Amino acid sequence: MSASRKGEAAGLREVTRLIGHYRGAAPGSMLICVAGLHGNEPAGIIALQRVFDWLDATRPAFRGECIGLVGSVSAAARGVRFIDEDINRLWFADRIDAIRAGTLDGQEAKEQEELLEHILDALDRSAEPASLLDLHTTSGSAAPFAIIGDSPRNRALAEHIPVPVVLGLVGEIAGTLTDYAHTMGAATLAFEGGRHDDPGSVDRHEAAVLAALGAAGNLIEGDSPQVEAARLTLTRASTAIPRFLDVRYRHEIDEADGFSMRPGFASFQAVEAGQLLARDRHGDIVAPVGGRVLLPLYQSLGTDGFFIVQPV
Ligand SMILES: [Zn+2]
């Protein structure tokens with residue numbers, strides 16, 4: 001591994017599929033944490049390395065099991081979002097059948113096959129309903145937030161992770177890992193920790209994992225000051241933003257559009273209807289409705305220019 005490899009300066013160790021695995025003496029539920037599904041988002045991987053280091057070193061009272069997985073090892077090693085295809089848009093039943101039958105080629109098919117195997121094994125092993133936390137970062141600045149499909153089990157998980165929760169994105173973006181794992185019976189939540197290169201994103205991901213260990217009952221909040229501290233970190237990082245928001249508009253783009261977001265927008269920034277947000281080859285792009293802008297695109301790869309959300 002070369003010393004100049006991307007991410008190393010930020011504390012990223014060698015990237016392997018299984019970041020860590022921890023099992024407590026008492027029975028309990030399974031928490032599956034995935035990071036680096038997009039390879040240019042190392043913060044979640046570093047955070048999971050830290051959490052497993054802490055578990056191994058301190059061996060706290062723990063029920064059940066937790067595993068940490070890298071979504072795309074090859075993309076993470078190169079520090080790129082993906083090699084050929086966005087692996088977080090590929091979790092469709094027919095594709096998964098093809099992968100399990102070994103009839104699909106390509107780097108992402110290989111990555112997806114290995115990741116799928118770990119996840120299905122973990123779900124199989126879990127005597128109680130499992131949870132899956134998927135860690136991401138964004139190209140623009142953002143307070144931490146969660147994305148869930150609206151179901152009682154996902155909401156119950158989100159209750160323990162005190163950040164704004166965006167509903168309705170799951171319906172806009174098809175083929176996500178969280179969507180698939182939910183159909184396999186897990187409570188799922190995607191956590192957006194902040195900007196890709198913000199060191200604080202690592203801290204917020206670490207806090208989200210600890211809060212999820214509390215939510216899953218692996219660590220009991222009263223027994224673990226770390227869980228309480230994590231919840232406080234998350235609460236403080238996202239004050240003054242409504243707890244539940246819904247997507248009101250999605251600006252979909254393709255490469256030919258030449259989409260360019262106006263500089264300076266951060267997720268959850270308030271915008272008014274008619275406000276200039278971006279430009280493309282057709283001209284100005286204004287907000288069609290008022291609300292708060294979400295996930296403004298400041299990188300070249302992606303299919304969504306921005307979203308507008310409003311409080312539920
Ligand atoms: Zn991502």
Side-chain angles (χ1 to χ4, degrees), residues 6-7 10 12 15 17 19 32-48 68-91 107-108 111-112 115 119 132-149 161 163-166 168-182 188-206 208-209 212 247 250-253 259 261 266-268 293-307 309:
K6 217 168 171 174
L12 186 63
V15 181
R17 176 79 56 202
I19 302 169
I32 302 166
C33 298
V34 178
L37 206 52
H38 293 133
N40 62 333
E41 302 177 10
I45 302 175
I46 299 166
L48 283 171
L69 298 166
V70 171
S72 177
V73 174
S74 52
R78 289 194 219 170
V80 296
R81 185 171 166 90
F82 53 78
I83 307 296
D84 300 313
E85 296 171 277
D86 186 336
I87 196 173
N88 202 27
R89 304 286 185 274
L90 301 177
W91 297 84
Q107 194 60 45
E108 268 74 24
E111 295 284 351
Q112 198 177 4
L115 184 58
I119 289 171
L132 183 141
L133 183 67
D134 183 22
L135 303 175
H136 289 264
T137 49
T138 51
S139 58
S141 296
F145 65 99
I147 299 167
I148 62 167
I161 301 177
V163 292
V165 177
V166 177
L169 260 186
V170 172
E172 295 282 346
I173 300 173
T176 61
L177 170 62
T178 47
D179 214 3
Y180 169 73
H182 191 252
T188 63
L189 182 147
F191 180 83
E192 296 281 358
R195 215 179 61 233
H196 297 325
D197 57 353
D198 179 356
S201 297
V202 179
D203 301 332
R204 291 184 287 270
H205 276 138
E206 187 178 4
V209 173
V247 173
R250 172 194 187 193
H251 188 81
E252 198 177 351
I253 59 170
F259 176 86
M261 192 79 199
S267 280
F268 299 111
V293 72
L294 188 75
L295 296 170
L297 188 72
Y298 288 111
Q299 63 191 8
S300 55
L301 289 175
T303 53
D304 305 300
F306 61 86
F307 296 86
V309 296

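Everything numeric here is computed off the predicted structure, so don't read it as measured data. Counting starts at 1 for both ligands and their atoms, following the listed order.
- Residue contact annotation: Glu41 places an N/O/S atom under 2.8 Å from the Zn ion (ligand 1).
- Looking only at its N/O/S atoms, His136 has ND1 as the one nearest to the Zn ion (ligand 1).
- Side-chain contact between Phe306 and Ile253 is absent, with no heavy-atom pair separated by less than 4.5 Å.
- Sorting the N, O or S atoms of His38 by how far they are from the Zn ion (ligand 1) puts ND1 first.
- The distance between the ring centers of Phe145 and Phe191 does not fall below 6.0 angstrom.
- Partner of His136 under the side chain to side chain donor-acceptor pair (under 3.5 Å) criterion, out of Glu41, Glu192, His205: Glu41 alone.
- In the model, His196 has a side-chain atom that pairs as donor or acceptor with a side-chain atom of Thr137 under 3.5 Å.
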